[in-house]
Each structure stands twice: as C-alpha cells, then as structure tokens.
Amino acid sequence: MLINIRRWLMIGLALILGACLMPEVALAKKIEITLWHAMSGSNGKVVDAIVKDFNATHPDFELKALYTGSYEETMTKYIAAYRSRTAPSLVQVYEVGTQQMLSSGAVIPVHEIPGMVGESWDWAQYVIPITNYYSTDGKLWSMPFNSSTTMLYYNKDLYAKAGLDPNKPPKTWAELEEHGKKLISSGAVPHVLSFGWPDWQLEQTFAAHDQLFANNENGRKGLATKVLINGEFGTMVLTTWARLAKEGIFIYGGPEYAANAAFQAGQIAMLMQSTSSLAGIEKGSPFKVGTTFLPRFEGYPSGNSVIGGASLWVTKGQSKDELRAVWAFLKYLGRPEVAVQWHKGTGYFPSVNSAVQTLLDEGWFSKDQNYLTAFLQILSGRRDTAAATGVRMGPFVQIREFERTAIEKSVSGQLTPKAALDEAARKADQLLSDFAKLQR
Amino acid sequence: MASRLWKEGASHVVLITLVLIITFPVIYALIVSTLTYQQAYEFPPRLIPGTELWPNVLEAWERINMGRVFFVTGVVSAGTAVVKIVLSLMAAFAYTHFKFRGRALLFPLTMITQMLPLPVRILPTFEMMASFHWINTYSALTFPFFASTTGILLFRQFYMTVPRDLSDAARVDGAGPLRYFIQILIPLSRTNIAALFVIEFIFMWSQYLWPLIVTTTADMRMMQIGIKMLIATDQIAPAWNVIMAGTIVAMLPPLLVLMLFRKSFAEGIAMQSQK
Amino acid sequence: MADNIEEERFPGHPLLPYILILPSVAVIVVFLVVPFLQSVIGSFFRSTAFGTKTVYVGLDNYTRLLTASDYHNSAIATLLFAGFVMVVGLAVSLAIAHLLNQKIRGLGFYQVAFIWTYAISPAVAGAIWALMFAPSTGIVPFIVAALSGGYLLNWMTNGPLALLVVSIAATWNMLGYNIVFFLAGLQNIPEEFIDSARVDGAGPWRTFWDITFPMLSPTTTFLLFVNMIYAFFQVFGLIDIMTHGGPGDATNILIYKLYRDAFLYLDSGAASAQSIIVFVVISMAAVVQLRFATRRAIYAR
C-alpha cells in the first residue's frame, strides 16, 4: 500500500511539473525590451505609433516604450535603475547628457552592436552633422533619435507693417539691429527679438562662428577642463546683446520656451528658437511665419549650428537575444518611411539620408519652406571642426545655468558682459575640474 | 441697539469682502476652466464664463488619464491615512498607558520625525526604494509616510486626559488592555481620528516631490504630478483652460473630505488648542 | 488634566507596549533614521553620477557650499520667502480670525468660507497663481498695466518680483489652515480675561496686545513652526510649477536647490551636505519652538 501511494505521488508530481514546464516549451516567448523616453504630448503619440508598428512587424520581439518624464527625470531614473540593476534596454538621453553617458560605464556603444549580433551596417547612411555630435573618434556611441537645431523665426506681417521686405530677413546682427530700429520706430512692436533657450543660443553662436566653447577640442579629444566663453568672442557677443537690450530691440524672454507666447501674440517680431517649435508656432500664430538662418557676426569664421535634442543609448549587460531586439529596433528607426513618419509627426530631423531624399522627392519641403530652413542650415555648414560640432561637457546641465545667469546679468546691466562671463567661467571651470578628477 | 446692528453689518461687509478676495483666485480658475484655448488668451483677460467646462474637464481627464490617477492617489491617500492613524493610536496608547524600559528614549525618537522631513534624507531614501525594487509601487508611495508625529502627539495628548477610572473599571470588569483599547479608547477618540484623517488625507493628496522622484510610469502617477504633466506641454503656450479644469477636479476629493469631516476637524483643532 | 502615569494601568503585560510601538519605531528607523545617517555620511563624499567612483572629500562639500554665492543667494531667498509666509501669513490670518471671533450670525458659513482653501495643494495653488500672473496675458499684469499706465509686470524676467509672487501664493495657500487654528486659540481665551481688561478701561488695541496675544502664544508658536516647515519644504510643488527656481535662481530656495543638485546635476555629495545643513536649521527652530512654547505657556497661566 505504502509503495503504491508513493508511486502515485511521484507520478502526480511529475505530471504537475510537466504541466508547468510545457507552456515554456510549447510557446516561444517573445523577447521583451524596454525603452524609456521623455517625449510627451503629441510627440509621445508618434513614439507609440512607431513602437506599435515595430512590434507588429517583428513578432519575435516586444518593445515596451515608457514615458518617464522630462529629460532630467528620465536621466535620474535611469541612473537609479542602473544602480539597482533594473535599467531598461534603451534610454533616451538629452544631448547635454552625452558626456555623462560616455563616462558612465553603463552603455554599449552603438557602433559595436552590429558586430555583437553578427551583422554589418553602413554608418554612412546617416546625416553626418547629426552623427558627428554623438561620435567619438569617428565611432558612433548613441543612436540619433530626435534632433533639432535653432533658427530665426520672424513675423512676416509685422515686417510688412514696418515697411520692410518680408522676404528679406536679416542675415547679420548688424542688419538685425537696423531692421529692429525700423520695427520699433514704425510702432509695429515695442520689442523685436527674444531667445528660446538663451543658454543654447549662446552655444549656437559660438559654433556658428567656429569658436571653441571649451578646451580639449570642445571636450571631444579629452575631457574639457576649462570653458573659453569669457574670451574676446564671448564678450563681444554678450556686449552686443546687452546693447540691443538697451536699445529695446532685444528683450530677455526667460528659459526654454517661455518666449514663444510673446512671439505668437505678436509682441515681438523675431524669435531665435528650436526648430522643434515650428509646428506649434505655425499653428498658434495668426500671422505669416517666416524662418531664416541664424544671424551672423561679420568678420568671424563660419561654423555650423549645433544639434540639439536627444539620442538613444543601449544599456550594458543584456542577453544576446535582447541585443538582437534592440538592434532590430535601431535598424527599424533608420528605415526611410519610419524616419519620414517621425519627422512629419514631430518636426525633428530625419537622421538618415534616404529619408531626406524621400522628403525632397515628394516635395514636402516646398509645401512649407520653413521646414527646409533649419535643415539647410546644418547641411551647409562645416562638419569638420570640433567647434562647429558642439561642445561636450560632463556637468553640462549645471553649466547651462551659469550661461543663463551670465546672459541675464549682462542684459539687465547688473554686470558688465566680461564680468558676467568671468563669473560663469569660474564656476564652470571648477565643476569641470571636479568631474575630470573623479574620472581618473 | 442701532449702533450694534451697524457694527454687525460693517463686520459682515468686511468679512464678505475678505472672503471674495481670498476666494477670487479659485473663482478665476473656475472661469478660465469654462473657456476655450483662444478665449483663455483673450486680451484684455476675459471674466465672463464660457461654456466649455465639460469639454475641458474631459480633455484634462484624457490627457493625463485622470481615472487611473484618481484611483492611485485615492488608494495612497486614504490607505496611508488609515495606517498612520492605526499606528499612531497604538503608539500613543503604549506611551500613555504603560511604563516600559526605554520609553524615555523612544518617545523623543518619535518626535524626531518632525526634524527629518523628506528633503533631509531624500537621496538615500530614494536609493533605498530603488534597491528594494519599490520604484513605481504603492509601497514606495506609502511606507515612508507611515509614522506620524502629529498623530502620536494628538492621541497622546488626548489619552493623557482620560481618567484612570476608565481603565480601572475596565480592568475590574476583567478586560485586558487590548480589549480596553479597542472597545473603549478608540471609540472615545472618534473625533480626533476624523480630524487626523482629514489632515493626513490632504497631506498625502498634496504630495509632490516624493511621487515625482519615486514614480516614473503613467499608471502609478499621483494627482499633483498629473497637474504638472498637464502644464508641461511640448513647446506651445500652456492651455490654461484645460489646466484649470484639471486643477478644479484635482481639488475636489480633499475638499470633499474636509467638508465631510468639517465638524470633527474643527473640534480636533479646538481640543489641541486647549493645552 | 495630565494623568499620573506613574502606576501601571494594566500590570502584567510586559511585552505589549513594545509590540504596540514596534511598527512606528520600525518605520521611523528604516525610512527616516537610516537614510538620514546615510545622508550624513554621504555629505563627506563626492561621487560620479553613476556611482562608478566615490572619493572622500572631508568637509569640502560643506566649505564649498558655505562659500558659494549661489548658496548664499538660495539661503537669503529662503529666509525672505519663509519670513514673508510666516509673518505676513500669521498677521493676516490673526486679523481675520479676530474678526471672525465675534458673536455674529452666519459664523458657521464664514468658518467654512475661510477654511476650505486648506484643501488646495501647493501645486494647484502654484498653477492658479501662475495663471493669474502670466506675463503677457495674465489678469494681474493687465490690471497693473491699466492702473499704472503701462508698466509690464513680468515675473519671468524680474527676480525679486518672482520671489514676491511665490511668497504671496504660498501665504495664500496657508491662510485657511492658519485661520482655523487662530480661531480655535482665540475661542479658548476665557471671556473673563477680556472683560476684566475692558472693565479696567483698556481699549481694544491694548486688550489685544496685553491679554489676547500672550494667551495665543502656544498657537502662535505652533503655527510659526508649521508655516516654517511649509515654507521650507512643502512649498516645493508650488515652486516647481511656477518658476522652477528661476528666473536666474531668484526663487531657488534651499529645498529647490537641493532637488536640483540631487536630481538634475546628479551631485549627491553636495545634495547630502545641503540636507544636513537644512536639518541643523530645522532642528534649531524645533528646539526654539519647544522651549518658547513651554515657557510662554507657563507664563500665560
């Protein structure tokens, strides 16, 4: 009797175990990967659509995209997750976080991945100024995702009202000053120009004139340890802006997108702002919106405008299967139709040349010239110098605060431009040296 | 007699004016929540209410998935309030009805919570949540709040005024301390419990910084972060009409709780003032 | 009527008290004390964002902070802000509570009308005040421009103004709470004291300062402390929604600066040092409040 019971028990257990294991064997499980991103609102919807299509066309993989807050919040959460070993497969990090990510030891450089999954890949299919930003020694570390730059928006109706040619926006700061005086004296607007992301505009101005922002080749040949903003060029720029502010032409509009409302309400005639605002501005402005390249300071070399936005980074320590899924998604993003979908839905640049070609062919840019402006700007500028590619700094986020303070203090007359820049440089240098010391 | 009426009338005028001034921001918010996007940007600013309240509420509701947000915030707020109350009742009972070794030490320890508000320990607590794998869980949103100085103080003060005769009578009747606690002391504390519930519920409902760093996904989002998400638009001027609709809705549950337990709340505070 | 706790009410239950306080103590130790100690230790180190390297820097984080103009600026902003909330807030609430403390009809209605703003969270208050003060399009700038002949009230480019606006918003947020407590305190003052002062020929102002205000001191000190805690910490949501610490650090109060350093700049050493400094400040305030409250209360008797 006893032996019988034991036998039945064993059979029962075996059956149960078998039943548990069976589903594992019968169903091939989908390989799951996650992406953390900071795209909210309508941009977030486009992300969701792309992810959905990816999952539909890649039945072996399941990509979960999570909106994790702003860029800063996403970064903080990623770090906490990485330290507790729960990091996502992919994370979107803003451009100013690039050096942090490079120094983190937490990522696999994108250029190594094809080799790791046994494939090869043509990196030349990407738009060069964009990949330059995220490359070190010619090797791409993160996959460009949402790239923008800055350009000059202007109100064509106000131009006409002031007796200026609405199709001849200013090409230089000198011209801008002239137009500005005319706009004010004609009573069209009380103030003429404001900035979105004033700190970024300062960096853009440096790059546009091929001026280095920090040492060690803008932090690209080695970690930057000093900023170069308080030299002759920087002082000249801030002095100009301070003078324009005194003349009433330039009005400081606050950080980020705070100045957009004033432009849309017709209270200023010009706005230097991110290209990602284009759709919103066109929709929210009851007047004709024009765009043009950033104004230049005559007598200085020519550089390029800097890429802004964010890119996708791949976390270390994933299984081969997960890497295959990650790589499949990164490849998917490079398909022209997907890149076009992304551009059309968000206004961010397509990262692959094939997509640009498609857009040109279908006449997308001729429908709305404004979309072409920013693109032409980065494609026609230099791509061979570190100065034109943009600066790379570890404590970039904090240093941007110092830049903003310097601009505010100069423009309000609280400090002379040189003093304001010296102050910012001092604080920035200390942070940069801290960062470099820790990395040793 | 007439001067008395004048005086009272004058008081009323002053008081009504004050009420209007203080309530104006919310009235204005309500007005804006009835306008369209363009109407909210009219210049001069428009004071005539519109008709878009319901569409705006729906829009706000949808944009941040308010149904889910309400649920999470409701569970966290009510749940934490209840747990806090229970823990405070227990602790206050222990501190006032028993002599035990270490009481002198442990009571000040409880008071320390007042000096250790979240920001003083925010990074390590956050990292603790990450290492427990509690990020994006109810646990992270609630556990760190379970100890409440306010509660313990409130009940302790109250229990110190309960005469010995009560516990003596219970003991004579053969009731143990727990029976006494549950069947006599707690019902006696009803008013204070309700008052504390109001305070703790509103406190949890208003939480901002902690949910900001400890939740990352939309489905564990708390109400105040929902409001933040409503305002954080991508690259366009804020849609005040929808934002205000959202804030009005966000105000309702704590307001409801306050109104429901208004009397007990006022009584509890009055009791606290009578040292 | 403090009861004598000298004799055990329920002898023979040695373990029960420990079990009763165990959950509270456990939560306090695990989630409050331990992280605090970690904060203390962390303040002596500096590490990379990803925690790949940590170096001991002794008191360097502290010396840097205490000599940084940014930190001074933050501390001053916090003092001004908290001072405004505490002093103006209590003064206004007391005045209103005093007005409410009369035998008039509809007292219940007024009590509700003044207290309900307590249910409004700092973040919601921030959103509403941001709307009202919105630079180009808000109602307050409009009124100011109309009254002053065109002065453009733009708190996004005017630091001191921004600080004033958030101070007003925060004070408004706490009005309901303060009024309720002051009213309760006022209603606790026995009529006899007021009446006897009247009989002695004291005018309302003297009565207030000599009798009412001292008798209110427990409530006042309590509210001062609560408002201080509010102005130092709970107001975070309001600042984040309205100004993000700007413009240019004008509203970058200590708690906001701490948040930025910890979560935006990923500088855990500096953030921990700031945490400890704030702890010291708050502890001193708590101790002062305790001493003052007990001393005054005794005198008030």
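Letters A, B, ... are given to chains in the order of the sequence lines, protein chains preceding strands, and every chain is numbered from 1.
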Sort B:Leu118 into side chain, backbone, both or neither according to what part of it lies under 4.5 angstrom from a heavy atom of chain C. neither

Atom group of B:Arg101 that falls short of 4.5 Å from chain C, counting heavy atoms: both

Side-chain heavy atoms of B:Arg121 within contact of C:Ile276, under 4.5 Å: no

Heavy-atom pairs under 4.5 Å with chain C are the metric here; pick the option from B:Pro177, B:Pro254, B:Ala91 that has the most. B:Pro177

Under 4.5 Å heavy-atom distance to chain C, tell me which part of B:Pro144 shows up: side chain, backbone, both or neither. both

Examine whether an atom of B:Leu116 lies under 4.5 Å from a heavy atom of chain C, and if so say whether it belongs to the side chain, the backbone or both; otherwise answer neither. both

Run the side-chain contact (heavy atoms from CB on, under 4.5 Å) check on B:Leu209 and C:Ile255 step by step: do they pass? CA-CA 10 Å; B:Leu209 178 53; C:Ile255 170 71; 4.0 Å; yes

What's the spacing between B:Tyr208 OH and C:Gln234 CD if we round to 0.5 Å? 14.5 Å

Top residue by heavy-atom pair count (under 4.5 Å) with chain B, among C:Val34, C:Leu216, C:Ile241, C:Leu131? C:Leu131

Measure distances from B:Met259 to the heavy atoms of chain C and classify the residue's part below 4.5 Å as side chain, backbone, both or neither. side chain

So which of C:Val112, C:Leu22, C:Val278, C:Ile143 has the largest heavy-atom pair count under 4.5 angstrom toward chain B? C:Val112

So which part of B:Ile213 gets closer than 4.5 Å to some heavy atom of chain C, the side chain, the backbone, both or neither? side chain

Does any heavy atom of chain C fall under 4.5 Å from the side chain of B:Leu20, the backbone, both, or neither of them? neither

So which of B:Ile22, B:Ile227, B:Leu256 has the biggest tally of heavy-atom pairs under 4.5 Å with chain C? B:Ile22

Ring centroid separation for C:Tyr118 and B:Phe265, is it under 6.0 angstrom? yes

Which atoms of B:Val14 approach chain C - backbone, side chain, both or neither, heavy atom under 4.5 Å: side chain

Counting heavy-atom pairs closer than 4.5 Å to chain B, which one of C:Ile282, C:Leu175, C:Ile28 comes out on top? C:Ile28

Does the plane of the ring in C:Tyr110 sit parallel, tilted or perpendicular to the ring in B:His12? Use 30° and 60° as the thresholds. tilted

Under 4.5 Å from any heavy atom of chain B, what part of C:Phe279 do you find: side chain, backbone, both or neither? both

Select, from B:Ala266, B:Ala94, B:Ala29, the one with the greatest count of heavy-atom pairs under 4.5 Å involving chain C. B:Ala94

Please check if the side chain of C:Trp116 supplies one atom and the backbone of B:Leu255 the other of a donor-acceptor pair under 3.5 Å. no

Side chain, backbone, both or neither: which part of B:Ser167 has a heavy atom under 4.5 Å from chain C? both

Are the side chain of B:Ser206 and the backbone of C:Ala123 linked by a donor-acceptor contact shorter than 3.5 Å? no

To the nearest 0.5 Å, tell me how far C:Ser268 OG sits from B:Leu123 CG. 6.0 Å

Under 4.5 Å from any heavy atom of chain B, what part of C:Ala286 do you find: side chain, backbone, both or neither? side chain

Residue B:Leu15 versus chain C: region with a heavy atom under 4.5 Å: both

With chain B, which of C:Leu254, C:Val25, C:Leu32 has the greatest number of heavy-atom pairs at distances under 4.5 Å? C:Leu32

Test item: C:Ser39 side-chain N/O and B:Val120 main-chain N/O as donor-acceptor pair under 3.5 Å: yes

Output the option from B:Phe93, B:Phe126, B:Tyr180 having the highest count of non-hydrogen pairs under 4.5 Å with chain C. B:Tyr180

Of the non-hydrogen atoms in C:Val30 and B:Met128, which two are nearest, and what is the gap between them? O-CE, 3.3 Å

Residue C:Ala130 versus chain B: region with a heavy atom under 4.5 Å: both

Which atoms of C:Tyr259 come close to chain B, meaning under 4.5 Å heavy atom to heavy atom: side chain ones, backbone ones, both, or neither? side chain

Using heavy-atom distances under 4.5 Å, tell me whether B:Val257 contacts chain C through its side chain, its backbone, both, or neither. neither

Are the side chains of B:Ile248 and C:Val124 in contact, using a 4.5 Å heavy-atom criterion? no

Which bit of C:Ile277 is near chain B, if near means a heavy-atom gap under 4.5 Å: side chain, backbone, both or neither? neither

What are the two closest heavy atoms between C:Pro35 and B:Pro124, and how far apart are they? O-CG, 3.3 Å

Is there a side-chain contact between B:Tyr95 and C:Leu20 in this structure, where contact means two heavy atoms from C-beta onward sitting under 4.5 Å apart? no

If you compare all heavy atoms of C:Ile139 against all heavy atoms of B:Pro45, which two are closest, and at what distance to 0.1 Å? CA-CG, 3.7 Å

Under 4.5 Å from a heavy atom of chain B, the part of C:Phe263 involved: side chain

Please assess B:Leu212 against C:Phe236 for the test side-chain contact (heavy atoms from CB on, under 4.5 Å), listing each intermediate value before the final yes or no. CA-CA 11 Å; B:Leu212 180 64; C:Phe236 180 86; 4.1 Å; yes

Among B:Leu89, B:Ile152, B:Val26, B:Ile225, single out the residue with the greatest number of heavy-atom pairs under 4.5 Å to chain C. B:Val26

Let me know if C:Leu258 has heavy atoms under 4.5 Å from chain B in its side chain, its backbone, both or neither. side chain

Please classify the contact of B:Leu252 with chain C as side chain, backbone, both or neither, using a heavy-atom distance under 4.5 Å. neither

Greatest number of non-hydrogen atom pairs under 4.5 angstrom with chain C, of B:Leu178, B:Ile16, B:Val198, B:Asp168, falls to B:Ile16

If you take the centroid of each ring, where Trp contributes its six-membered ring, are B:Phe145 and C:Phe31 closer together than 6.0 Å? no

